[in-house]
Student: 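Just dropping this structure here.
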Amino acid sequence: MDISEEKSLNKDMSPLVYDTLTCVHCKKFKRTSKFLKCNHVICPKCLSVLSANGCIECTICGLLTPIPNGEVDLEDNFMALHCINKKDVLASIGSVLCNSCCLGKSTPSELFCVQCNRYMCKIDWNAHKNFVPGASYHVSINKDITSDSDTEQFLIQTSVSQHCRDHPNYNTELYCTNCRILTCANCLVVNHKDHIVVGMNVALESELADFSKCKESLEEKIDTCKQILQQSEQKKGSLEEKRDFEKGRIDKEYEEKLALIVKTRDDELLQLRTEYDDVINTLFIQTQQLESSLNQLYQAIRLTQTCSALAQCKEDQLTLIPKITDRLVSLSETIPKQKPIQSELHLGTSPSLHSPNVVKLKYSLETIEPTHKIGDNINLNKTRAIVSGDNDEIFVVDKGNSLIHSFSPEGKQLRAFGSYGRGPGQFKSPWGLCLDGKRLFVSDTSIGIVMSFTIEGTYRSKFGAWGQAAGEFRSPKGICTDSIGCLWVADCDNNRIQRFDQEGKHLDIFPHNKSFVMTKPVDVKTALYDNTLWVLTGCSPAVLHISSEGEVLDQIATLGKGRELSHPVSICYDNASRCVLVTDTSSSCVMVFSETGVVEGRLTFQDVKSYALHGVTVDRAGRVLCTAKCIQVFVI
């Protein structure tokens with residue numbers, strides 16, 4: 001039976017009849033239901049689930065119906081089978097064939113047994129009525145259902161004519177209130193002794209009265225619930241108003257306190273900032289005073305050392321002069337035609353520094369600008385180091401083009417060698433440059449090596465590798481040689497200076513003292529008269545004066561905004577004038593310092609952009625050479 005058919009039956013029958021025909025477990029009406037032992041109804045779905053336990057307990061009266069060996073042998077609910085619409089029966093009789101024709105023929109039906117739910121012909125009915133149960137069956141024919149009587153009356157008639165399960169010849173006309181089942185009079189003595197039994201109509205009226213009372217009670221409870229709900233809504237509205245009021249008050253207090261806290265914080269921060277600035281200014285003034293005192297102290301110490309050395313040298317020379325004079329006289333006597341030799345010694349000087357070809361410069365605090373340019377007719381790109389040889393030949397590093405250029409003193413380009421790459425004689429980022437006799441050394445910051453060439457540009461050898469071990473580099477930059485031929489390399493990212501021989505054998509690492517930190521050395525030069533080092537670093541003071549044994553002798557040239565240097569990149573030591581020249585690429589100038597740190601000169605560039613200036617050197621003719629887009633020449 002489908003859902004639409006069940007709904008149509010619900011509309012056509014009374015609640016009492018429908019409740020009598022519904023399943024005791026799922027409370028649903030099914031036409032193919034079964035009778036339990038207590039005459040209550042169970043549907044096939046619930047029966048298949050509950051029959052597995054061997055018995056079924058009625059949820060209304062509690063009576064057990066045994067199911068032996070799981071075999072379901074219960075009587076069909078003929079009341080449900082007969083709950084059909086009278087129009088369906090009218091349309092079926094005559095058109096539906098006989099369900100149990102004894103002749104086996106296709107005979108049209110003429111009657112319909114309501115109890116057995118069968119369509120029969122007259123021959124089958126004559127055989128069907130001879131059975132004892134059939135004597136009381138209700139049989140409908142065409143004329144019984146062609147009237148316009150109400151469908152519910154038809155259904156009540158079939159339900160009233162229900163037979164007792166235990167006494168099939170008797171109808172169930174009584175109702176046991178204890179077991180809540182319909183029964184016949186014969187069952188009263190056996191199954192319903194001492195039970196309260198009433199007539200079916202009385203039971204129906206009693207059930208209707210109880211239902212009315214329950215309905216009235218439910219309606220009263222519904223009215224009470226509505227009143228409680230209304231009161232709850234009123235209380236809810238009142239509580240929401242209080243909540244909104246308290247929320248607004250709390251938010252207002254929060255904003256006021258937050259504003260007060262922020263104002264207090266800003267005032268305290270302003271006061272702390274003022275105190276901090278006062279302390280910084282005081283410390284700055286004290287630092288300047290200490291630096292001035294230290295410079296004066298260093299100058300006094302150096303002056304004392306110089307005087308002591310001169311005095312000792314003077315004593316030694318005074319001792320040697322008589323001996324040398326006697327020796328010269330004896331030699332002159334052995335050479336008849338040679339004129340007498342006049343001896344003259346210069347105190348505290350080096351022969352290489354006082355040869356006729358070396359010019360000693362006198363720097364001035366007045367601003368000096370370049371006199372002319374060299375190489376402005378070729379495409380120099382990112383120039384770096386520059387050196388000048390004994391024959392005044394000029395070499396410059398062209399980092400952007402990976403080349404080394406050579407110029408004559410007059411500015412004529414002589415040659416250019418190198419190319420981009422990692423092979424022998426190739427560069428990726430050439431930087432440092434130094435000249436020792438006939439050999440030229442170039443450092444490459446990208447590969448981490450130092451290569452040597454002849455002055456004609458022929459590749460000879462290389463040494464070093466990228467790393468942190470002794471003899472290895474991380475971004476090697478400035479490079480120079482000392483008076484005994486050793487090679488010094490500024491190992492920038494390893495924060496150290498390394499010393500090698502001419503063949504690239506590693507000799508030493510500076511500084512020796514691990515407590516002293518050398519920050520980012522970018523360039524290094526040597527003073528030939530005492531073989532000491534001048535190192536340019538990335539911290540203040542920017543210039544370190546180091547002995548050949550690695551001891552820090554002095555620190556000069558403060559670094560920072562508003563100080564002597566802002567962004568130094570290259571250093572040069574003028575051995576003739578004993579001055580230190582530092583290129584400051586940020587301010588596009590060359591600062592000249594004495595060995596004690598006193599500013600003695602400033603060379604400026606008007607047409608050079610910031611951060612374009614780099615290398616600086618002094619040639620034998622006393623010219624200061626600087627690299628930018630070309631070579632700037634200063635004649636002092």
Side-chain angles (χ1 to χ4, degrees), residues 374-375 378 380-390 392-407 413-418 425-437 439-453 455 457 462 464 473 475-482 487-492 497-498 500 520-526 533-538 543 567-575 580-585 590 603 605 608 611-619 623-634:
I374 296 175
I378 63 175
L380 295 177
N381 185 13
K382 296 181 181 179
T383 56
R384 290 297 181 258
I386 182 172
V387 295
S388 176
D390 292 338
D392 295 333
E393 185 177 353
I394 302 169
F395 295 89
V396 62
V397 174
D398 186 356
K399 177 178 177 291
N401 296 317
S402 300
L403 294 172
I404 306 298
H405 295 275
S406 171
F407 297 91
Q413 185 180 16
L414 301 178
R415 70 186 73 85
F417 57 90
Q426 292 182 321
F427 310 106
K428 289 200 69 176
S429 182
W431 195 284
L433 186 67
C434 74
L435 185 63
D436 185 25
R439 301 183 68 176
L440 192 67
F441 295 90
V442 184
S443 65
D444 193 312
T445 61
S446 180
I447 306 176
I449 61 173
V450 175
M451 289 179 280
S452 67
F453 299 84
I455 59 176
K462 69 176 181 178
F473 307 105
S475 186
K477 292 190 175 180
I479 185 171
C480 71
T481 57
D482 59 13
L487 197 66
W488 299 83
V489 182
D491 193 358
C492 181
I497 302 293
Q498 298 196 66
F500 301 84
K520 299 291 183 182
V522 295
D523 202 0
V524 58
K525 292 295 183 291
T526 56
L533 300 177
W534 291 89
V535 182
L536 181 63
T537 67
V543 180
H567 189 184
V569 292
S570 180
I571 191 173
C572 171
Y573 184 80
D574 186 355
N575 286 283
V580 180
L581 285 74
V582 180
T583 57
D584 193 341
T585 185
V590 176
L603 312 180
F605 302 81
V608 176
Y611 301 101
L613 183 65
H614 206 277
V616 60
T617 188
V618 180
D619 65 3
R623 301 183 303 173
V624 179
L625 309 176
C626 301
T627 60
K629 286 188 175 181
C630 58
I631 302 174
Q632 308 274 2
V633 180
F634 292 84

Student: Evaluate the criterion side-chain contact (heavy atoms from CB on, under 4.5 Å) for residue pair Val582 and Val590; output intermediate values, then yes/no.
Tutor: CA-CA 5 Å; Val582 180; Val590 176; over 6 Å; no

Student: Show, in sequence, the C-alpha distance, side-chain angles and deciding distance for Glu393 and Ser406, and conclude whether the side chain to side chain donor-acceptor pair (under 3.5 Å) test is met.
Tutor: CA-CA 7 Å; Glu393 185 177 353; Ser406 171; 2.3 Å; yes

Student: Hey, does Leu487 have a side-chain heavy atom less than 4.5 Å from the side chain of Ile479?
Tutor: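 Answer yes - side chains close enough.
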
Student: Would you give the length of the straight line joining atom CE of Met451 to atom OG of Ser443, rounded to the nearest 0.5 angstrom?
Tutor: 9.0 Å

Student: Measure from the side-chain N and O atoms of Thr537 to the backbone N and O of Lys520, and report whether any donor-acceptor pair falls under 3.5 Å.
Tutor: no

Student: Got a donor-acceptor contact below 3.5 angstrom from the Asp523 side chain to the Ile571 backbone?
Tutor: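 It does hold such a pair.
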
Student: Could you state the interatomic distance from CD1 (Ile374) to OG1 (Thr627), rounded to the nearest 0.5 Å?
Tutor: 12.0 Å

Student: To check you understand the geometry: which heavy-atom pair defines the closest contact between Cys480 and Cys434, and what is its length?
Tutor: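 Looking at all heavy atoms of both residues, the closest pair is CA-CB, 3.8 Å.
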
Student: Given 3.5 Å as the limit, does a donor-acceptor pair link the side chain of Asp584 with the main chain of His567, or not?
Tutor: yes

Student: Tell me yes or no: between the side chains of Trp431 and Asp444, is some donor less than 3.5 Å from an acceptor?
Tutor: no

Student: Is the shortest side-chain heavy-atom distance between Val489 and Phe500 below 4.5 Å?
Tutor: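 In contact.
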
Student: Quick one: does Leu581's side chain get under 4.5 Å of Val624's, heavy atoms only?
Tutor: yes

Student: Are Phe427 and Lys399 side-chain neighbours, meaning at least one heavy-atom pair lies under 4.5 Å?
Tutor: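 They are not in side-chain contact.
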
Student: Looking at every heavy atom in both Ile449 and Lys462, which two are closest together, and how far apart are they?
Tutor: CD1-CD, 3.9 Å

Student: Do Thr445 and Ser429 meet the criterion of a side-chain donor-acceptor pair at a distance under 3.5 Å?
Tutor: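 There is such a pair between these side chains.
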
Student: Are side-chain heavy atoms of Leu613 and Cys626 found at a separation under 4.5 Å?
Tutor: yes

Student: Got a second to check how far Trp488's CH2 is from Thr481's OG1, nearest 0.5 Å?
Tutor: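 Those atoms lie 11.5 Å apart.
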
Student: Please check this pair: side chain of Arg415 against backbone of Ile455, looking for a donor-acceptor N/O pair closer than 3.5 Å.
Tutor: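 Answer holds: yes.
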
Student: Ring centres of Phe395 and Phe441 under 6.0 Å apart?
Tutor: no

Student: Heavy atoms, side chains only, cut-off 4.5 Å: are Val543 and Val535 in contact?
Tutor: no

Student: Of the non-hydrogen atoms in Cys572 and Lys525, which two are nearest, and what is the gap between them?
Tutor: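 Between these two residues, the closest heavy atoms are CA-CG, 4.0 Å.
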
Student: Grab the two heavy atoms, one from Leu433 and one from Val396, that are nearest each other, plus how far apart they are.
Tutor: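 Result for this residue pair: CD2-N, 4.1 Å.
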
Student: Considering only heavy atoms from C-beta outward, does the side chain of Leu440 approach that of Phe417 to under 4.5 Å?
Tutor: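 Yes - at least one pair of side-chain heavy atoms lies under 4.5 Å apart.
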
Student: With rounding to the nearest 0.5 angstrom, report the CG to CG distance, Asp392 to Asp619.
Tutor: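 Going from CG on Asp392 over to CG on Asp619, the span is 5.5 Å.
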
Student: Please name the pair of heavy atoms, one in Ile386 and one in Leu625, separated by the smallest distance, quoted to 0.1 Å.
Tutor: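 Shortest heavy-atom contact: CD1-CB, 3.8 Å.
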
Student: Side chains of Val618 and Arg623: closer than 4.5 Å at any heavy-atom pair?
Tutor: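 Heavy-atom side-chain distance check fails, nothing below 4.5 Å.
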
Student: If I take atom NE2 from residue His405 and atom CD1 from residue Ile394, how far apart are they, to the nearest 0.5 angstrom?
Tutor: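 Between atom NE2 of His405 and atom CD1 of Ile394 there are 13.0 Å.
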
Student: I'd like to know if the side chain of Thr383 reaches the main chain of Val397, judged simply by a donor and an acceptor atom lying under 3.5 Å from each other, with no hydrogens or angles considered.
Tutor: no

Student: Any side-chain donor paired with an acceptor under 3.5 Å for Ser402 and Gln426?
Tutor: no

Student: Can you check whether Ser570's main-chain N or O pairs, donor with acceptor, with Thr583's side chain at less than 3.5 Å?
Tutor: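 Present.
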
Student: Counting distance only, does the side-chain N/O of Asn381 pair as donor-acceptor with the main-chain N or O of Asn401 below 3.5 Å?
Tutor: no

Student: Might you point out which heavy atoms bring Ala490 and Pro521 nearest each other, and give the distance in Å?
Tutor: CB-O, 3.7 Å

